[in-house]
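Below, chain A is the first sequence line, B the second, and so on; all start at residue 1. The analysis underlying the following values was restricted to heavy atoms, covering all of them including side chains, and did not include hydrogens, waters or symmetry mates. Keep in mind the model is a prediction, meaning the values are calculated, not measured.
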2 protein chains.
Amino acid sequence: MQLLLLTYDVNTTTPEGRRRLRTVAQICEGYGRRVQKSVFEIISDEPGVLTLIDRIGRVIDDEADSIRVYRLPPDGFTVVRTLGAARAVGHNDAIII
Amino acid sequence: MQLLLLTYDVNTTTPEGRRRLRTVAQICEGYGRRVQKSVFEIISDEPGVLTLIDRIGRVIDDEADSIRVYRLPPDGFTVVRTLGAARAVGHNDAIII
């Protein structure tokens, strides 16, 4: 399995941009979790990553949007630091409500 | 030196949010480069990272904003994939104008 970080640069001042962000978020949430409005932690094998990229490619606006996918090290979801409203919740952590 | 990815979740529908993003971008650009509107690739030693975090902490709105800092592997700036307007330019690549 690979740990990836997917960042999505999209103009959310338009309804179309917000719609694309919602769709990309829905796709990504099948592979990991949303940690910021347009940043997603992804866990997947190689075929899954290819499927993910293909599905996202059909949603985004190539002219206006930007997607970047980074490979993280094995402990990559342990962020070095969070500031502000950011809250680090591990993928395997229990969430107490 | 460490390779880090800093992601900044900020509401840019307000003038104050846009101002904070501009200031954070100015700070981060001293340590690396801006690859998306609110994603920055950082190269720094440990003291530099601490200074960076301290400076950003003085700018952001703790209630509204979120900063996450991820550690990347040694070849971490080689993105797995870009889609859309994203353009991968290496830190050491010549930029032809």
Is the shortest heavy-atom distance from the side chain of B/Val35 to the side chain of A/Arg68 under 4.5 Å?
yes

Taking the side chain as every heavy atom from C-beta outward, state whether B/Thr82 and A/Ile67 have any atom pair closer than 4.5 Å.
no

Nearest 0.5 Å please: distance from the CG atom of B/Leu83 over to the OH atom of A/Tyr8.
10.0 Å

For B/Gln36 and A/Ser66, indicate whether the former's side chain and the latter's backbone hold a donor-acceptor pair under 3.5 Å.
yes

Donor-acceptor pair, A/Asp65 side chain versus B/Gly84 backbone, under 3.5 Å?
no

Which of residues 13-23 of chain A have a heavy atom under 4.5 Å from any heavy atom of chain B?
none

Using heavy atoms and a sub-4.5 Å threshold, report which of residues 53-61 of chain A line up against chain B, by residue number.
A/Ile53, A/Ile56, A/Gly57, A/Ile60

Among all residues two or more places apart in sequence or in another chain, which pass the salt bridge (charged side-chain N to carboxylate O under 4.0 Å, His left out) test with B/Asp45?
none

Tell me, for A/Leu6 versus chain B, whether the close heavy atoms (under 4.5 Å) come from the side chain, the backbone, both or neither.
neither

Check the surroundings of atom CD in A/Glu46: do more than 12 heavy atoms from other residues, nucleotides or ligands lie under 6.0 Å from it?
yes

Is A/Met1 linked to A/Leu5 within one hydrophobic cluster, defined over Ile, Leu, Val, Met, Phe, Trp and Tyr using a side-chain heavy-atom separation of less than 4.5 Å?
yes

Taking side chain as everything from C-beta outward and backbone as N, CA, C, O, which of these in B/Leu4 sits under 4.5 Å from a heavy atom of chain A? Side chain, backbone, both or neither.
side chain

Do any of residues 69-76 of chain B come closer than 4.5 Å to chain A, heavy atom to heavy atom, and if so which ones, in number order?
B/Val69, B/Tyr70, B/Arg71, B/Leu72, B/Pro73, B/Gly76

